[in-house]
Amino acid sequence: MTNTATDISVVIPIYNEEALLGELYQRLSDSVSKVSDNYELIFVNDGSKDGSISEIKNLASRDEKVFYINFSKNFGHQIAVTAGLNHSRGKTTVIIDGDLQDPPELIPELYAKYKEGYNVVYAKRRKRKGESAFKLLTAKLFYRILRKMTSTDIPVDTGDYRLIDRKVLEAVKAMPEHNKFLRGQIAWVGYKQTFVLYDRDGRKAGKTGYPVSKMLRFAMDGITGFSDRPLIFVSRMGILMSGVSFLIILYALFSYFFLEKTITGWTSIIISTMFIGGIQLISIGVIGEYISRMNKNILNRPLYIIDETNCKETDS
Ligand code: UDP
Ligand code: MG
């Protein structure tokens, strides 16, 4: 059973953050120790290509509160966080990015809200520095569209930086899906949720581990995991197109039998064929997105493979 003598566990996914680890560790320790001395820092090394893991092991050899989970390869940010959650022993768990975009100094504030009786306290960005206009715009659009598409109240302008209590943690651990969208899953769980506002900094060093391709996949994970609207849209589109083509058929027959002229034209044929072809491909693509995720879940491979860890408990 989970030992809950630990007050706070901090889960930090790490992908090529070597240059920041020293400062990250220092600022996290300073901040968390203001709340409690019973804490643990769980660094999950997600197949970094730099020296992150030796830096983390170095920290672990000096400080018994530091734990590491070293993946066998890069499994992705959400999976790294999931592994950390699976090994967390705290009464509360904080999820925080390892690039210092999420200021560790906010943790006492998150914890204070938990003490007021909230089960989830997420950090909501007031401002977001050091991000490209493209990222800001796409993120803003995406979260607003997602909100419209789902009945789960997924908060806008938040990342994964948040504090969750044991009840929420256990609920999230019980969700078996392979395509994780943790901010949605945590919202879906319910309980009492609140937020604190903060200004998000730019990345301190290194570069983003989320190029556009990963961002897109993550966005699709969010949509497919929390909404059936694209599928409903596809079938409505089908009904609409059938209706339109029925009318065109009527018109063509009428014109042939009563007006005694056939409708000529390469243009109308090519336009309608291309148009319907396009809609069909998009529809198949939409269905495919859902099927590929179903496939992943049916294969049911382990979410991640741990090369080595000094965590005491390994329930995954
Ligand atoms: N990260 C990870 N695996 C990845 C990509 C990123 O563990 O494949 C970590 C990264 O080290 C950071 C956090 O996830 O702690 C957020 O990633 P990043 O800062 O690159 O994303 P952005 O803030 O640009 O969206
Ligand atoms: Mg970042």
Side-chain angles (χ1 to χ4, degrees), residues 9-25 27-28 41-56 59 66-88 93-104 106-107 122-125 127-143 146 156-162 178-184 198-222 303-307 309:
S9 302
V10 184
V11 170
I12 317 119
I14 296 292
Y15 180 62
N16 300 341
E17 310 286 8
E18 185 183 12
L20 289 175
L21 276 164
E23 180 181 348
L24 176 66
Y25 162 75
R27 284 173 60 184
L28 275 173
L41 306 178
I42 306 173
F43 291 89
V44 185
N45 180 43
D46 185 15
S48 296
K49 295 188 172 62
D50 63 358
S52 294
I53 187 61
S54 47
E55 189 65 30
I56 297 169
L59 295 171
V66 173
F67 294 91
Y68 60 84
I69 297 169
N70 190 27
F71 278 177
S72 64
K73 62 164 197 175
N74 178 260
F75 283 95
H77 169 222
Q78 299 285 297
I79 302 295
V81 174
T82 304
L85 296 181
N86 286 339
H87 290 82
S88 156
T93 303
V94 172
I95 303 168
I96 187 169
D97 277 359
D99 59 356
L100 290 170
Q101 282 196 285
D102 303 333
L106 201 68
I107 293 176
Y122 54 90
K124 192 172 158 79
R125 310 183 266 253
K127 275 202 211 97
R128 217 173 159 182
K129 277 182 262 172
E131 303 278 19
S132 66
F134 174 75
K135 184 144 189 170
L136 290 182
L137 182 74
T138 47
K140 212 179 169 95
L141 264 175
F142 168 67
Y143 284 105
L146 183 60
V156 294
D157 301 329
T158 63
D160 281 320
Y161 190 18
R162 63 195 61 211
H178 278 235
N179 296 85
K180 300 282 177 196
F181 190 70
L182 288 166
R183 56 200 74 169
Y198 77 110
D199 292 328
R200 188 166 166 94
D201 286 330
R203 195 171 235 291
K204 269 259 167 167
K207 63 177 198 303
T208 175
Y210 266 99
V212 177
S213 57
K214 269 198 199 174
M215 263 166 63
L216 270 177
R217 208 176 324 137
F218 186 53
M220 285 308 290
D221 286 340
L303 277 178
Y304 49 82
I305 295 170
I306 295 175
D307 176 21
T309 176

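Indexing begins at 1, ligand by ligand and atom by atom, following the structure's order. Keep in mind the model is a prediction, meaning the values are calculated, not measured.
Electrostatic pairing of D221 and K180 does not count as a salt bridge here, judged by no charged N lying under 4.0 Å from a carboxylate O.
Of the candidates I14, N45, I53, Y68 forms a side chain to side chain contact (heavy atoms under 4.5 Å, CB included) with just one, namely I53. A side chain to side chain contact (heavy atoms under 4.5 Å, CB included) with Y161 is found for one member of D97, V94, I95 and no other, namely V94.
Cation-pi check for K214 over Y15 is met; the charged atom lies under 6.0 angstrom from the ring centroid and within 45 degrees of its normal.
In terms of heavy-atom proximity, R183 sits nearest to T158 at NH1-O, 3.7 Å.
Checked against the 6.0 Å centroid criterion, the rings of Y210 and H77 qualify as a close aromatic pair. Annotation: F218 is in aromatic contact with F181 [ring centroid separation under 6.0 Å]. A ring-centre distance under 6.0 Å is not found for Y304 and F75.
Protein residues having a heavy atom under 4.0 Å from any atom of ligand 1 are P13, I14, Y15, E17, D46, N74, G76, H77, D97, G98, D99, Q101, K135, R200, R203, T208, G209, Y210, K214, listed by chain and number.
Protein atoms of type N/O/S that fall under 2.8 Å from the Mg ion (ligand 2) number 2 in this view.
Within 6.0 Å of NZ in K140 there are 12 or fewer heavy atoms belonging to other residues, nucleotides or ligands.
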